[in-house]
Protein chains: 2
Amino acid sequence: MIRVLLADDETMIRAGVRAILAADPEIEVVAEAGDGREAIDLTLAHRPDVVLLDIRMPRLDGLAAIAELRRTAPGTGVLMLTTFGEDEYIARALGEGASGFLLKTGDPRELLAGIRAVAEGAAYLSPKVAHRVITELTGGRMSRTAAAREQIADLTPRERDVLVLVGAGLSNAQIARRLHLVEGTVKAHVSAILTRLGARNRVQAAILAYEAGLVDPAASGS
Amino acid sequence: MIRVLLADDETMIRAGVRAILAADPEIEVVAEAGDGREAIDLTLAHRPDVVLLDIRMPRLDGLAAIAELRRTAPGTGVLMLTTFGEDEYIARALGEGASGFLLKTGDPRELLAGIRAVAEGAAYLSPKVAHRVITELTGGRMSRTAAAREQIADLTPRERDVLVLVGAGLSNAQIARRLHLVEGTVKAHVSAILTRLGARNRVQAAILAYEAGLVDPAASGS
DNA sequence: GGGTTCCTCCCCCGTGCGGGGGAGGGGGTT
DNA sequence: AACCCCCTCCCCCGCACGGGGGAGGAACCC
């Protein structure tokens, strides 16, 4: 028997999910919450196997609730419920410790499959977002990264050297010392970089470098 | 009916998987391959819904096979089979386009659940590796992101507003117009941001904002 | 009431940034 | 040979940036 807690501020959604889950004899909804705070309290009281968590909720939103749930009830699986188009939260939610993602627009069978998977400790991503999420997670931000890489590809090698250091937050003088150049030369390179990348200032160039994966984050501090 | 292709160089594994899948009336093993090359040829010939792919195989290993499968048979779901301890391949396999991961030491029900999930287009990660993989994937930048988030957390709300625009590459004057402020006020905020974040210039602040997920990439161009 | 923090705005001032243009040498291609 | 691109360095110049310090009003807490 899989015990489920259902947290969503929209009662219609709760009713729908409850109806779907009622059809499965192995799944039992033990409690329902209307906001994040309540979801945490009821989780501690009922100790469900899986918490279905809406991302947007009053008082304490789903994203913040995950972190607290992972601390206070580490054995409980967290499955996020989301509306199509809220992709930007997915990576963060997974980072906070969510085990899966379901689209509210998805097939009822996905809901059951997702709950089963999470109850066993597995991770489950809803079909329509699975590929996007994986490429985003593994790629760093693949869609943007691709564009950034293309732009950076037609920089000269030396310009890329300079761009890396720009991306680390170094001044032209610091870059000059690092590359054994005169500051004027660095300025010339930076100007060339800006025009080639279509960036208006070094901050935008730095962001592009960062998106393309040129920046070694460990070096950002030095 | 879910059509499955089974690719593994060890016949014992194939026999075991076949036995498990035989118990499920909805799943049919349409072909078996002993190496990666064969797996690709048979996939093109039989067009299965899901390919179960061992990571280590002769001729063409599983990792290389994924990439080719994604190109030649994009509609086919790829589910990796792995022995415990091969974690380092997981991230790369997912990056290549695999939809899931199963441990050979796992419960038979995981195998069935994973195949069903992947057949529907969802992603499935085996229980014992799910958490590690997610933390590793998000962790690539999560470790830094966590630090960046903490630093940014103790900015005032208004300072975060400014930082977002700094991260988009806007000048102080542009930020002032956007926020209906005088440029001097923006400069005061930026100065405060730099000292609080320990950044030496706005580029480093922008990188921190970017790492913390504050920057909306769509806005970077304006 | 006094205290704090935040937000807003003001001053001055030094310097780093970014655009303009030019110039020389080296390494390619045609 | 002539050509083009890359890398290096030089000049000037205007402006944006970043640090310093101060100040008033609003909101909060003790």
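Fair warning: this is a prediction, and the values are worked out from it, not measured in the lab. Here is the naming used below: chain letters follow the sequence lines, and residue numbers restart at 1 for every chain.
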Rounded to whole angstroms, how far apart are NE2 on His180(A) and C1' on dC7(D)?
16 Å
Take the protein atom CD1 of Ile175(B) and the nucleotide atom P of dA16(D), then report the distance between them rounded to whole Å.
13 Å
Just the rounded figure in Å: distance from P of dC6(C) to CG of Leu179(B).
18 Å
To the nearest Å, how far apart are Arg202(B) CZ and dA16(D) P?
11 Å
Rounding to 10°, can you tell me the angle the first-five-pair axis of the helix from dG1(C)-dC30(D) to dT30(C)-dA1(D) makes with its last-five-pair axis?
50°
Does OP1 or OP2 of dC9(C) have a side-chain N or O of Arg158(B) closer than 4.0 Å?
no
Check the distance between dT15(C)'s P and Asn201(B)'s CG and give it to me in whole angstrom.
17 Å
Close side-chain approach of Arg116(A) and Ile2(A), heavy atoms under 4.5 Å
yes
Could you check Lys187(B) against Gly184(B) and say which one's nearest nucleotide on DNA chain C is further toward the 5' end?
Gly184(B)
Between dC10(D) atom C1' and His189(A) atom NE2, what is the distance in whole Å?
14 Å
How many Å lie between CG on Leu194(B) and P on dG20(D), as a whole number?
11 Å
DNA chain C: Val182(B) or Leu155(B), which has the more 5' nearest nucleotide?
Leu155(B)
What contact category does Arg196(A) fall into here, base, sugar-phosphate, or nothing, at under 4.0 angstrom with non-hydrogen atoms?
sugar-phosphate
